[in-house]
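What follows is a short report on a single structure.
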Amino acid sequence: MPNELQPPRGTHDLIGEDQRRHQHVIDTARRIAALYGFDEWSTPLFEDTRVFSRTLGETSDVVTKEMYSFQDRGGDAITLRPEATAGICRALVTNGLTQSLPQKVFCAGPMFRYERPQKGRYRQFHQIDVELIGSAEPLADAEVIACGWEILKALGVAGDTVLEINTLGDAESRQDYRGALVGYFSKHHAALSADSQSRLERNPLRILDSKDERDRTIVANAPTIAGFLTEPAAKFYARLQTYLDRFGVPFRENPRIVRGLDYYGHTAFEFVTSKLGAQGTVMGGGRYDGLVEEMGGPPTPAVGWAAGIERLAMLLPDPPRVPAPVAVVPVGEAAEAVSLNVLQALRHAGIRAEIAYRGNLRRRMERANRIGARAAVVIGDDDIAEGVAQVKDLASGEQVAVALADLPHRLR
RNA sequence: GCGGGCAUAGCUCAGCUGGUAGAGCGCCAGGUUGUGGUCCUGGAUGUCACGGGUUCGAGUCCCGUUGCUCGCCCCA
């Protein structure tokens, strides 16, 4: 469109089928999360910048380059939420709910990240989110994952999706492993890609999920965390797998799944599809026992996941259908008054019903067809005299006279 | 922030080595002033993304810009 008015980069309008797909994802997730005992929370779309920067580290790229941050008119530093978890943890603390654990939270809505759009990746995007705060047991991890799996199944996308799990261990395991990795990659420094050479300085774990071919062969022989797990950490991971089996969630281990920040530990997982190119993660999460404390609350264990609604929406096997309406078609001005009564009676009976605002019979029938009506209720003067309407099935073309009072019942 | 591809009607696209813009679908009207879908006939619609350059002449070639798209970086 050669127009000066365009939506900002990375934003998009949800209209028609796009909106129906989007809404179907939310409705399905909300319904299933409720079965698992999760309550829906709505937290602000923007927060004090510190809600996010405090837990991310002031200097990381994420904070300096990829958040939508600004000063409001009162001079406060504000950030549009880039994810749901931090705001939920803030709400947990400010509402005193650390006294009422565990809390099981479902959340859905827009998130904002200032980054380059790609397939299924936008600047304003939408997520569904599940957090279980206040349990340190691996059963909690398994339940959170099982809930996600059931949502993917209900959406019809589970067939192309596989759950990959890993453990990041506890703090001691992680520290030992990190040291071993730095030692290993330092020996291969010259053979690493330039990106990974700088990762070695900043965030060595990230080398493990590098997409570079040269890195991959080196990574393949790198030590895994398995050899560095403390006994409690190894036991936690083993119990998680047992519980996943009991919940009937298939999985495979992927020791290359990592997390960048220190408050993550133990469980890390991703549901991955091969159908979205480079952006294959459709749902991801893990355990973040350190986050609530960094937010200023008491030490509180927690586990959760988030999933991008846009990605799930484009994977839906079939577009959600609009319920077919009934079209009320008056013939002549006198019939309009009766038709409006019929129209409202149908709506009050829970039937989606529409009336064209103008046009002769033919145009109104065309209109009825175009909006996908399943039936047309044609009402003319002679019908009114007999107290009936002509109900035409628009699929079969059959038409029968129905008493006006019976219409809601007959069209249900 | 970096790299590749793309940009023509509401949509999907055609337009050869430069010669003043096309199709299908959709839309509007008629065939049918009380019956839609299929069919027939007619009609409207474009700053060829934007700006500059080369040329007698640019949708077409060159440069720049913007947007879209795929990927990299990043991924809370």
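Chain A is the first sequence line, chain B the second, and so forth, proteins listed ahead of strands; every chain is numbered from 1.
Within the structure, a side-chain polar atom (N or O) of A:R206 is placed less than 4.0 Å from OP1 or OP2 of B:rC75. Here A:K392 does not reach the OP1 or OP2 of B:rU35: none of its side-chain N or O atoms lies under 4.0 Å away. For B:rG67, one of the phosphate oxygens OP1 or OP2 lies less than 4.0 angstrom from a side-chain nitrogen or oxygen of A:R9. Taking 4.0 angstrom as the limit, A:R199 places a side-chain polar atom (N or O) nearer than this to OP1 or OP2 of B:rC74. A close approach under 4.0 Å does occur between a side-chain nitrogen or oxygen of A:K211 and OP1 or OP2 of B:rC72. The phosphate of B:rG71 (OP1 or OP2) has no side-chain N or O of A:R116 nearer than 4.0 angstrom.
For a distance-only test at 3.5 Å, the side chain of A:R121 qualifies as a donor-acceptor partner of the base of B:rC74. Side-chain N/O atoms of A:Q399 and base N/O atoms of B:rU35 include a donor-acceptor pair closer than 3.5 Å. You won't find any donor-acceptor pair under 3.5 Å spanning the side chain of A:R362 and the base of B:rU35, going by distance alone.
We find that A:E398 and A:K392 are not joined by a salt bridge, their nearest charged nitrogen and carboxylate oxygen being 4.0 Å or further apart.
Pairing of B:rC56, defined by two Watson-Crick or G-U wobble distances under 3.5 Å, is identified with B:rG19. In this structure, B:rG64 forms a base pair with B:rC50, meeting either the Watson-Crick or the G-U wobble geometry with both donor-acceptor distances under 3.5 Å. When both distances must be under 3.5 Å, the Watson-Crick or G-U wobble mate of B:rG3 is B:rC70. Judged by Watson-Crick or G-U wobble contacts below 3.5 Å, the nucleotide B:rU32 has no partner. Base-pair partner of B:rG24: B:rC11 (Watson-Crick or G-U wobble, both distances under 3.5 Å).
Distances from the side chain of A:R363 to the nucleotides B:rC73, B:rA29, B:rA76 place B:rA29 closest. Closest to the A:Q118 side chain, of the nucleotides B:rG31, B:rU69, B:rG71, is B:rG71. Side-chain atoms of A:N369 lie closest to B:rG36 of the nucleotides B:rC74, B:rG36, B:rA76.
Under the 6.0 Å distance and 45° angle rule, A:R113 does not count as a cation-pi partner of A:F125.
Rounded to the nearest Å, the gap between the C1' atom of B:rC48 and that of B:rG59 is 5 Å. Comparing the C1' positions of B:rU60 and B:rG15 gives a spacing of 9 Å, expressed to the nearest Å. With both ends at atom P, the span from B:rA9 to B:rU45 equals 15 Å, rounded to whole Å. As rounded to the nearest Å, B:rG26 and B:rG37 have P atoms that lie 12 Å from one another. Atom name C1', nucleotides B:rU55 and B:rC61: the rounded distance is 10 Å, in whole Å. As rounded to the nearest Å, B:rC62 and B:rC72 have P atoms that lie 29 Å from one another. One P atom belongs to B:rA21, the other to B:rC13, and the distance between them is 23 Å to the nearest Å. Rounded to a whole angstrom, the distance from the C1' atom of B:rG46 to that of B:rC16 is 23 Å.
In this structure, A:E66 atom CD and B:rC72 atom C1' are separated by 13 Å, rounded to whole Å. Look at CD1 on A:I257: it is 12 Å from P on B:rA76, rounded to the nearest Å. Taking atom CG of A:L361 as the reference point, atom P of B:rG37 lies 12 Å away to the nearest angstrom. Between the C1' atom of B:rG10 and the CD1 atom of A:I15 lies a distance of 13 Å, rounded to the nearest Å. What separates CG of A:L394 from C1' of B:rU35 is a distance of 10 Å, to the nearest Å. Distance A:D215 CG to B:rC72 P: 13 Å, rounded to the nearest Å. Rounded to whole angstrom, the span from the CD atom of A:E115 across to the C1' atom of B:rC72 amounts to 13 Å. To the nearest angstrom, C1' of B:rA76 lies 13 Å from CG of A:D262.
Between A:H189 and A:F185, a ring centre-to-centre spacing not shorter than 6.0 Å is recorded. Between A:Y177 and A:F228, the gap from one ring centroid to the other is short of 6.0 Å.
In this structure, A:D383 reaches the bases: a heavy-atom distance under 4.0 Å links it to at least one base atom across the strands shown. No contact: A:N360 has no heavy atom under 4.0 Å from any strand. Residue-level contact check: A:G397 touches the bases, meaning some heavy atom is under 4.0 Å from a base atom. A:F112 comes within contact range of no nucleotide atom at all, as no heavy-atom separation falls under 4.0 Å. Across all strands shown, A:A395 has heavy atoms under 4.0 Å from base atoms, whether or not it also approaches the sugar-phosphate.
Considering A:H266, A:E131, A:R259 in turn, A:E131 is the only one that fulfils the side chain to side chain donor-acceptor pair (under 3.5 Å) rule with A:Y288.
Summarising the local packing, CZ of A:F46 is surrounded by 12 or fewer heavy atoms from other residues, nucleotides or ligands at distances under 6.0 Å.
Residues A:T11 and A:R370 each lie close to RNA chain B; by heavy-atom proximity, the contact nearer the 5' end of the strand is made by A:R370. Mapping A:E366 and A:R259 onto RNA chain B by nearest heavy atom places A:E366 at the nucleotide closer to the 5' end.
Closest of all the heavy-atom pairs between A:T167 and A:I225 is O-CG2, 3.4 Å.
Using cut-offs of 30° and 60° on the angle between ring planes, the pair A:F269 and A:F271 is perpendicular.
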